[in-house]
Amino acid sequence: ASGQCGGVGDARCAAVAAGEFNDVPAAQEKMACSIERTLLPDPQRVEQYQRLYTRYQQWCATTEPLFAAKPAH
């Protein structure tokens, strides 16, 4: 129900790093916001979702090598 899910997630990780919780699941249990609603994929769009996911995978395979660490000379 939070509009700041990314920030809340960051805060959880920081709390674990600071030793307030043993692990992320423990932090999640105490720091999670309530679930306002659950969104489910439209079953009539499965083919469209699959095409887009395949395109995303191709994009990743093409671009990830561009961001790989370069060996030091």
Side-chain angles (χ1 to χ4, degrees):
S2 170
Q4 301 297 323
C5 292
V8 173
D10 292 344
R12 281 187 213 114
C13 291
V16 172
E20 293 296 317
F21 298 98
N22 291 331
D23 54 28
V24 173
Q28 170 72 18
E29 186 176 316
K30 295 291 184 185
M31 298 175 71
C33 298
S34 62
I35 297 173
E36 184 176 309
R37 62 187 164 153
T38 300
L39 302 175
L40 299 173
D42 181 347
Q44 295 179 345
R45 294 185 175 182
V46 170
E47 287 183 33
Q48 179 184 6
Y49 296 148
Q50 188 57 54
R51 277 195 314 275
L52 291 170
Y53 183 60
T54 298
R55 191 167 148 192
Y56 165 77
Q57 288 177 309
Q58 291 168 343
W59 178 82
C60 287
T62 301
T63 59
E64 282 180 358
L66 300 174
F67 298 98
K70 305 284 189 242
H73 292 283

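Since we're looking at a predicted model, the values are computed, not measured.
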*Asks:* Please report the closest heavy-atom contact between Pro65 and Cys60, naming both atoms and the distance.
*Replies:*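 Closest heavy-atom pair between Pro65 and Cys60: CD-O, 4.2 Å.
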
*Asks:* Please list all pairs passing the side chain to side chain donor-acceptor pair (under 3.5 Å) test where one or both residues lie in residues 58-67, with sequence neighbours left out.
*Replies:*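 Every pair satisfying side chain to side chain donor-acceptor pair (under 3.5 Å) with a residue in residues 58-67: there are none.
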
*Asks:* Any side-chain heavy-atom pair from Glu47 and Gln50 closer than 4.5 angstrom?
*Replies:*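 Heavy-atom side-chain distance check fails, nothing below 4.5 Å.
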
*Asks:* Any pair with a residue in residues 19-29 that passes side chain to side chain donor-acceptor pair (under 3.5 Å), sequence neighbours left out, goes on the list, sorted by first then second residue, please.
*Replies:*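 Listed once each, the pairs are Arg12-Gln28.
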
*Asks:* Counting neighbours of CD on Gln57 that are heavy atoms of other residues, nucleotides or ligands and sit closer than 6.0 Å, is the number greater than 12?
*Replies:*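 More than 12 heavy atoms, drawn from other residues, nucleotides or ligands, come within 6.0 Å of this atom.
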
